[in-house]
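Being a predicted model, the structure only gives us computed values, none of them experimental.
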Amino acid sequence: TTLDRVIRRQFRLSEGDPFNPRLIREAAERIRALGFFGNAGVNAREGTLPGQIIVDIEVEEQPTGSLQLGGTYSGDNGFGVLIDYTERNFLGRGQALSFAFRSGVDNEAYEFNFTEPAFLNPELQFNLGLSYGETDNRGALYDTRSFDITPSLTFPLNEYSRLSVRGNV
């Protein structure tokens, strides 16, 4: 189900570039590190013309979604419920999507998160988080409602570090 472009963007070379086995090995490691595949193999072989190399990629899809259901009970606070759905490879596009609902006797919380790992270019990641919460404070003079919007952009500084810029509304 994973789209071809999700795998291709793990390569730091383009078609027609000189063959570099180190870059092929690094791309294979990045493909495995995605966590979308149970098995991923990358092999290079001779092309039809001299000096051409064909890179074969074989992957075995594995489940990338999870559903959590939970419940609690407390003599003081009553029942609570948790429903959480997460998909790390939404529609095979490499995007992450999650929904969560948490509820108790006097509170509720809803969360939504979306991540696009290659926003505008392969190195720029976009994340949008939305959350809404309510509390009904028994015995207090006030109740609370909160709504947060948290967009962020993440980009690499070098091979081993990334910088994230976030806003919160």
For residues 161-169, dump all side-chain donor-acceptor pairs below 3.5 Å to protein atoms at least two apart in sequence or in another chain.
from	atom 1	to	atom 2	distance (Å)
S161	OG	N158	OD1	3.1
S161	OG	N158	ND2	3.4
S164	OG	T154	OG1	3.2

Once you round to the nearest 0.5 Å, how far does [atom1] of [X] lie from [atom2] of [Y]?
X: N121; Y: R9; atom1: CG; atom2: CZ; result: 11.0 Å
X: N107; Y: E134; atom1: CG; atom2: CD; result: 10.0 Å
X: T86; Y: Q68; atom1: OG1; atom2: CD; result: 6.5 Å
X: E87; Y: L67; atom1: CD; atom2: CG; result: 11.5 Å
X: E61; Y: N39; atom1: CD; atom2: CG; result: 12.0 Å

Could you state whether [X] and [Y] fall into the same hydrophobic cluster, counting links through intermediate Ile, Leu, Val, Met, Phe, Trp or Tyr residues with side-chain heavy atoms under 4.5 angstrom apart?
X: Y110; Y: L82; result: no
X: L3; Y: V59; result: yes
X: Y132; Y: V105; result: no
X: L69; Y: F79; result: no

Checklist entry - After noting the C-alpha distance and the side-chain angles of E15 and Q52, does the key distance pass the side-chain contact (heavy atoms from CB on, under 4.5 Å) rule? => result CA-CA 10 Å; E15 293 178 16; Q52 287 186 338; over 6 Å; no
[X]: partners by ring pair (Phe, Tyr, Trp, His ring centres under 6.0 Å), with sequence neighbours left out:
X: F147; result: none
X: F119; result: F126
X: F155; result: none
X: Y85; result: none

Next on the checklist: Taking G94's backbone N and O only, do any of them form a donor-acceptor pair with N89's side chain (distance below 3.5 Å, no angle check)?
Outcome noted: yes
Could you tell me whether the side chain of [Y] reaches within less than 4.5 Å of the side chain of [X], counting heavy atoms only?
X: I54; Y: E46; answer: no
X: R5; Y: R93; answer: yes
X: D56; Y: V42; answer: no
X: I149; Y: L128; answer: yes
X: I53; Y: R45; answer: no

Checklist outcome for this item: Nearest heavy-atom contact between I7 and F11 is O-CD1, 3.7 Å
Item to check | Over all atoms of both residues, closest heavy-atom pair of G129 and N113 | outcome: CA-OD1, 3.2 Å
Please tabulate, for the side chains in residues 23-38, all donor-acceptor contacts under 3.5 angstrom to protein atoms that are two or more places apart in sequence or on a different chain.
from	atom 1	to	atom 2	distance (Å)
E26	OE2	R22	NH1	2.9
E29	OE2	R32	NH1	3.0
R30	NE	Q10	O	2.7
R30	NH2	Q10	O	2.7
R32	NE	A40	O	3.1
R32	NH2	A40	O	3.3

Next on the checklist: Can you confirm whether the side chains of S98 and D84 place a donor and an acceptor under 3.5 Å from each other?
Outcome noted: no
Next on the checklist: Is a donor from one side chain sitting under 3.5 angstrom from an acceptor on the other, for T115 and Q95?
Outcome noted: no
Checklist entry - So, R102 and E111, do they make that salt bridge, N to O below 4.0 Å? => result yes
Checklist entry - Between R12 and E159, does at least one N-O distance fall below 4.0 Å, as a salt bridge requires? => result no
Next on the checklist: One pair to check against salt bridge (charged side-chain N to carboxylate O under 4.0 Å, His left out): R145 and E108. What are the steps and the verdict?
Outcome noted: CA-CA 10 Å; R145 287 191 180 107; E108 287 185 1; over 6 Å; no
